[in-house]
Amino acid sequence: MLRFIVRRLIQVVPTLLLLSILLFAWLRSLPGGPAAALLGDKATPEKIAQLNTVLGLDQPVPVQYFRFLGRALTGDFGNSLITGEPVTTEIARALPATIELAMAALLLAVVLGIPLGYVAARYRGRPLDTTTVIATLVGVAVPVFFLGYLLKQFFAVDLGWFPPSGRQAVDIDATHVTGFAVLDGLVTREFDASWDALVHLVLPAVALATIPLAVIVRITRASVLDVMGSDFVRTANSKGLAPRTVRERHVLRNALLPVSTTIGLQTGLLLAGAVLTEKVFVWGGLGTLLAQAIERRDYPRLQAVVLLGALVYVIVNLLVDLSYAVIDPRVRVR
């Protein structure tokens with residue numbers, strides 16, 4: 001197992017290196033540039049050339065890349081072209097907000113998705129199963145930003161049950177320790193601040209969780225149906241095992257392998273969905289940084305955020321592979 005973990009970690013290096021090359025080349029091929037975006041209406045060819053010289057963008061692309069790579073290996077991704085702050089500082093400030101939102105959405109999707117998928121498979125062809133399948137189709141089809149605006153209008157504006165935007169109310173004087181608003185309130189025993197952060201988290205988490213929830217339900221349902229038709233399940237039933245034992249030890253456990261893969265993939269996709277969700281709910285996380293970087297051609301910030309997303313995706317897939325050994329002992333033997 002240790003050899004497997006080390007081998008997968010080594011594979012991260014060429015993956016990130018190749019991604020950095022593709023990302024660097026793609027950004028430099030885009031029309032316009034950061035200089036034109038920064039200067040706005042005042043942009044002239046002379047000013048753009050002067051600013052490119054200041055930013056080092058007049059150098060050959062290979063020279064720019066190796067300069068970027070050398071700094072990145074030391075953890076220095078440069079300064080944002082928008083704010084002038086170090087990109088690592090901006091990411092450290094915004095990352096807890098995105099992790100908090102993504103983990104809340106993932107928890108909601110997993111806690112609801114696996115039981116719903118199992119129940120739908122168990123009562124296949126009945127009204128509950130049909131309703132679940134239709135609901136998952138709607139969940140996948142509705143765009144995240146559109147659902148976010150609907151939730152915001154109905155539950156925040158019309159009913160007033162939840163706040164419409166932000167992570168905490170402006171009149172909450174909370175002490176920030178970790179950057180995770182809910183956790184900070186619990187750590188500092190400021191329970192009002194923690195509850196306020198939790199209330200603010202509900203609507204964006206529900207909006208972001210919709211597509212992963214629908215996908216997990218459908219994969220769980222299909223996997224359970226496939227396992228229920230297997231020979232070993234029929235053998236377990238013919239031996240007179242209790243139905244609960246058959247469901248928990250033979251059906252559900254074997255059905256979780258493709259589900260765990262799906263959960264890992266959805267975890268990576270949550271970062272992409274967070275861009276639109278954070279935009280709707282003014283969340284202020286990595287999605288907001290990424291959106292601003294794309295709009296303003298902020299190369300250092302864009303490169304750092306995308307590479308961080310790739311690193312998270314690779315690590316999540318490693319954790320999924322390790323979960324196989326926990327779920328299925330045959331993987332440990334191989």
Side-chain angles (χ1 to χ4, degrees), residues 101-148 150-151 154-155 201-270 272-274 276-277 316-317 319-321 323-324 326-331:
L101 176 59
M103 291 299 99
L106 183 64
L107 180 64
L108 185 63
V110 171
V111 169
L112 295 179
I114 294 178
L116 284 175
Y118 174 77
V119 172
R122 187 178 177 188
Y123 298 98
R124 180 184 183 184
R126 300 185 185 181
L128 178 61
D129 178 35
T130 304
T131 303
T132 302
V133 172
I134 294 175
T136 57
L137 288 175
V138 174
V140 172
V142 177
V144 173
F145 72 91
F146 180 70
L147 178 62
L150 288 181
L151 293 174
F154 185 69
F155 291 103
L201 183 61
V202 172
L203 291 184
V206 170
L208 186 58
T210 305
I211 293 179
L213 172 60
V215 173
I216 291 173
V217 169
R218 294 181 67 85
I219 295 298
T220 303
R221 177 182 179 275
S223 182
V224 170
L225 288 175
D226 181 62
V227 173
M228 288 175 65
S230 301
D231 292 337
F232 65 87
V233 174
R234 287 194 292 267
T235 302
N237 287 321
S238 65
K239 290 170 60 177
L241 293 180
R244 181 176 180 180
T245 302
V246 175
R247 291 196 300 267
E248 293 180 356
R249 297 187 58 183
H250 296 278
V251 175
L252 189 57
R253 187 167 184 176
N254 284 280
L256 284 179
L257 280 175
V259 176
S260 62
T261 302
T262 301
I263 293 173
L265 294 174
Q266 293 302 313
T267 303
L269 294 175
L270 283 174
L276 297 174
T277 307
V316 168
N317 277 275
L319 295 177
V320 169
D321 290 341
S323 71
Y324 284 177
V326 177
I327 298 172
D328 190 351
R330 294 172 299 179
V331 175

Return the minimal non-hydrogen interatomic distance between [X] and [Y], and the atom names on each side.
X: Val140; Y: Ala214; value: CG2-CB, 3.5 Å
X: Leu101; Y: Ala205; value: CD1-N, 3.6 Å
X: Leu203; Y: Phe155; value: CD2-CB, 4.0 Å
X: Arg221; Y: Val133; value: NE-CG2, 3.8 Å
X: Val144; Y: Ala207; value: CG1-O, 4.0 Å
X: Leu112; Y: Pro115; value: O-CD, 3.5 Å

Could you measure the distance from the [atom1] atom of [X] to the [atom2] atom of [Y]? Nearest 0.5 Å is fine.
X: Thr277; Y: Leu151; atom1: OG1; atom2: CG; answer: 10.0 Å
X: Leu225; Y: Asp129; atom1: CG; atom2: CG; answer: 7.5 Å
X: Ile114; Y: Ile219; atom1: CD1; atom2: CD1; answer: 12.0 Å
X: Leu147; Y: Ile211; atom1: CG; atom2: CD1; answer: 9.0 Å
X: Thr132; Y: Tyr123; atom1: OG1; atom2: OH; answer: 12.0 Å

Self-check item: Side-chain touch Arg122/Val224, heavy atoms, less than 4.5 angstrom
Solution: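 Side-chain contact under 4.5 Å: no.
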Quiz item: Side chain of Asp226, backbone of Ala222: donor and acceptor closer than 3.5 Å?
Solution: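 Side chain of Asp226 to backbone of Ala222: no pair is present.
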Practice problem: Quickly, which of Leu213, Thr220, Val215 forms a side chain to side chain contact (heavy atoms under 4.5 Å, CB included) with Val217? Name it, please. | Solution: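 Per the side chain to side chain contact (heavy atoms under 4.5 Å, CB included) rule, the option paired with Val217 is Leu213, out of Leu213, Thr220, Val215.
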Quiz item: For Thr136, what residues pass the side-chain hydrogen bond (donor to acceptor under 3.5 Å, both in side chains) criterion, not counting sequence neighbours?
Solution: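 For Thr136, the residues satisfying side-chain hydrogen bond (donor to acceptor under 3.5 Å, both in side chains) (neighbours in sequence not counted) are Arg218.
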Exercise. Show your working on side-chain contact (heavy atoms from CB on, under 4.5 Å) between Thr210 and Val142 and close with a plain yes or no.
Key: CA-CA 9 Å; Thr210 305; Val142 177; 6.0 Å; no
